[in-house]
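I have placed the structure first, in the form of structure tokens, so that the comments after it can refer back to it.
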There are 2 protein chains.
Amino acid sequence: MAKAQFQPVQPVRAYERIVEQIEEALARGELSPGQRLPSERELVAQFAVSRSTVREALRVLASNGVVRSRPGDPNGPEILPYSLGALRKQMTRLARVDELSLGELIGFRMIMDGAAIQLASRLRTDEQLAEMEETLVAMRAAIDVDFEAFSEADVAFHEAVARVSRNSLIQMCNEVVRGVVLGLIADKIAHAANSRALMLESLQHHTEVVEAIRAGDGHAAARIARQNLYDYYATYVPTPERPHLRALIDDA
Amino acid sequence: MAKAQFQPVQPVRAYERIVEQIEEALARGELSPGQRLPSERELVAQFAVSRSTVREALRVLASNGVVRSRPGDPNGPEILPYSLGALRKQMTRLARVDELSLGELIGFRMIMDGAAIQLASRLRTDEQLAEMEETLVAMRAAIDVDFEAFSEADVAFHEAVARVSRNSLIQMCNEVVRGVVLGLIADKIAHAANSRALMLESLQHHTEVVEAIRAGDGHAAARIARQNLYDYYATYVPTPERPHLRALIDDA
DNA sequence: TACGCCGTACTGGTCGGACCAGTGGACCAG
DNA sequence: CTGGTCCACTGGTCCGACCAGTACGGCGTA
């Protein structure tokens, strides 16, 4: 098998070298969160480039959540602690890609949420179980306010579950996709005549999940959670995709 | 319950508004991949800001993989198709500093891969099954070449599965995490004395999965797949995290 | 006519200098 | 110790300039 693969070549820009240098220094531990970078004008001297170039490098780092610049701060740009923020941003971008159907997004949620709950069933302590039950109470109260409040309480519940499941990736993906789906169908849900009924039903489902978690039956808990998500969203999913979602419940 | 929470306020920079506008136009579909943005100097006129500001906005978009600028190109900056590159970069960054543990990443893969295979068991046609078996043959051949070739064949297999599962979001997430994990432990695997044995074992596991898919038993197929991933990676995962991974197998 | 060279009019990358609002700290008056 | 003033400096933005690179159209040549 012949091998003479060439790669397209593109010029390396000066600001990229600066970004590289700073990221490497960070990877090597020479720079760590909380510390400050020299001021832009000093970086100009150190890197021997113009301020525009330094600034473009800092912009890139800032948009990646690595540093933060504040005008007037004599201490210079701050190196931020590592956070999932930038990853969340990219994940959100992914979930918003056009080619993704509502069915895929919901299928993804059914998987993520089911897995988180399955893990929670195994790992939860009694205190954590109590926390989850508290969020259910809050959720009940929020129903009498409005859909937005209910939605917030729902987030709180899922966050509690995710904390127990000890997997921040699952948590983040779940949260992101949840938000994107909500954005896609929020108007339909909020304006639905049976909005209140929907919320009550959703609460009922969440209660069942918590009971299954208490019982420690991960398989059942995950199954209930997926079933609930399916029931909640199915009316918005195109018919041909529904069997795929059902497969996630039936075959598990 | 008293509520007078204040939020820290930070100034909105001009370049951020520009990034917003362009990203929104993209989200609304007014801009799509392959199209071109006006030249920097024209954007200066449209946004009524200086070129530095426009350039900083473009830098941010470029670093997020949204656009690409080439010097001299009279068509202006190009809007890129969505790519997983930026997502992978962010995830790698976090994984390198242990913000994302190997256990979390592998747990995520076990879930995603299991789900994809579960779906595939239900949805596959005979032709697709044949395709999967072909990738197994290719995988066997690749073992005699080197680890990299084997790795490529492995990707081909998972892509075949993902195609069948009809959920590209699962596929993309799986692929990203797979790449990140591989990057973290590739050296250890490749230099392992039993590298060839590992590959053979992995092939055996893949074969079992395909057989389960042929049988149409989604539950078993997913379980086997997760078990295989666990076996394959477990030696690299810190001991305290392993029970969480086991829970994904045992409780399913 | 067909082909290839080349100039031109642009592009983005970088530079240097300028102004402004905002920040933190030193200093001072109460 | 408090509150205010001041100052040196910060980052945000703007402007004008130069350079190397690209696409394209018109040119001359065969």
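So that the names make sense, note that chain A is the first sequence line, chain B the second, and so on, each numbered from 1. Computed over heavy atoms, backbone and side chain alike; hydrogens, waters and symmetry mates excluded.
- If you check every strand for non-hydrogen atoms under 4.0 Å, B/Arg70 touches sugar and phosphate atoms only.
- The distance between atom CD of A/Gln10 and atom C1' of D/dA20, rounded to the nearest whole Å, is 17 Å.
- Counting non-hydrogen atoms under 4.0 angstrom, B/Arg68 reaches nothing in the nucleic acid.
- When distances are taken from the side chain of B/Arg41 to each of C/dG13, D/dA23, D/dC14, the shortest belongs to C/dG13.
- Annotation for A/Met112 and A/Ile170: closest pair O-CG2, 3.7 Å, computed over non-hydrogen atoms.
- Nucleotide C/dA21: paired with D/dT10 (Watson-Crick or G-U wobble, both distances less than 3.5 Å).
- For B/Val49, the listed nucleotide lying nearest its side chain is D/dC14; candidates were C/dT14, C/dT11, D/dC14.
- Among all heavy-atom pairs drawn from B/Leu100 and A/Ser168, the shortest one is CD1-OG, 3.8 Å.
- Both A/Gly76 and A/Ser52 sit near DNA chain D, but only A/Gly76 has its closest nucleotide nearer the 5' end.
- Atom CZ in B/Arg55 sits roughly 11 Å away from atom C1' in C/dC15 (whole-Å rounding).
- A pairwise comparison of heavy atoms in A/Glu40 and A/Val54 identifies O-CG1, 4.2 Å as the closest pair.
- Counting to the nearest Å, the P atom of C/dC15 and the OH atom of A/Tyr15 are 14 Å from each other.
- In this structure, B/Arg51 places its CZ atom 14 Å from C1' of C/dG16, rounding to the nearest Å.
- Set against C/dG12, D/dA23, D/dT13, the side chain of B/Asp73 has D/dA23 as its closest nucleotide.
- Minimum atom distance to the side chain of B/Ala14 is reached by D/dT13, of the listed C/dT23, D/dG11, D/dT13.
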Side chain to side chain contact (heavy atoms under 4.5 Å, CB included) for B/Phe108 and B/Val181? Distances and angles first, verdict last. CA-CA 11 Å; B/Phe108 191 87; B/Val181 171; over 6 Å; no

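- Within 4.0 Å (heavy atoms only), A/Pro77 reaches sugar-phosphate atoms of the nucleic acid but no base atom.
- Following rounding to the nearest Å, A/Glu40 (CD) and C/dG17 (C1') show an atom-to-atom distance of 15 Å.
- The side chain of B/Ser69 sits closest to C/dG12 out of C/dC15, D/dG12, C/dG12.
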Would you please test A/Val67 and A/Glu78 for side chain to side chain contact (heavy atoms under 4.5 Å, CB included) and show each step? CA-CA 5 Å; A/Val67 304; A/Glu78 180 184 4; over 6 Å; no

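- Across all strands shown, A/Arg36 has no heavy atoms under 4.0 Å from either base or sugar-phosphate atoms.
- Listed nucleotides D/dA23, C/dG13, C/dT11 differ in distance to B/Ser39; the shortest reach to its side chain belongs to C/dT11.
- Remark: C1' of D/dT13 and CZ of B/Arg13 are 12 Å apart, rounded to the nearest angstrom.
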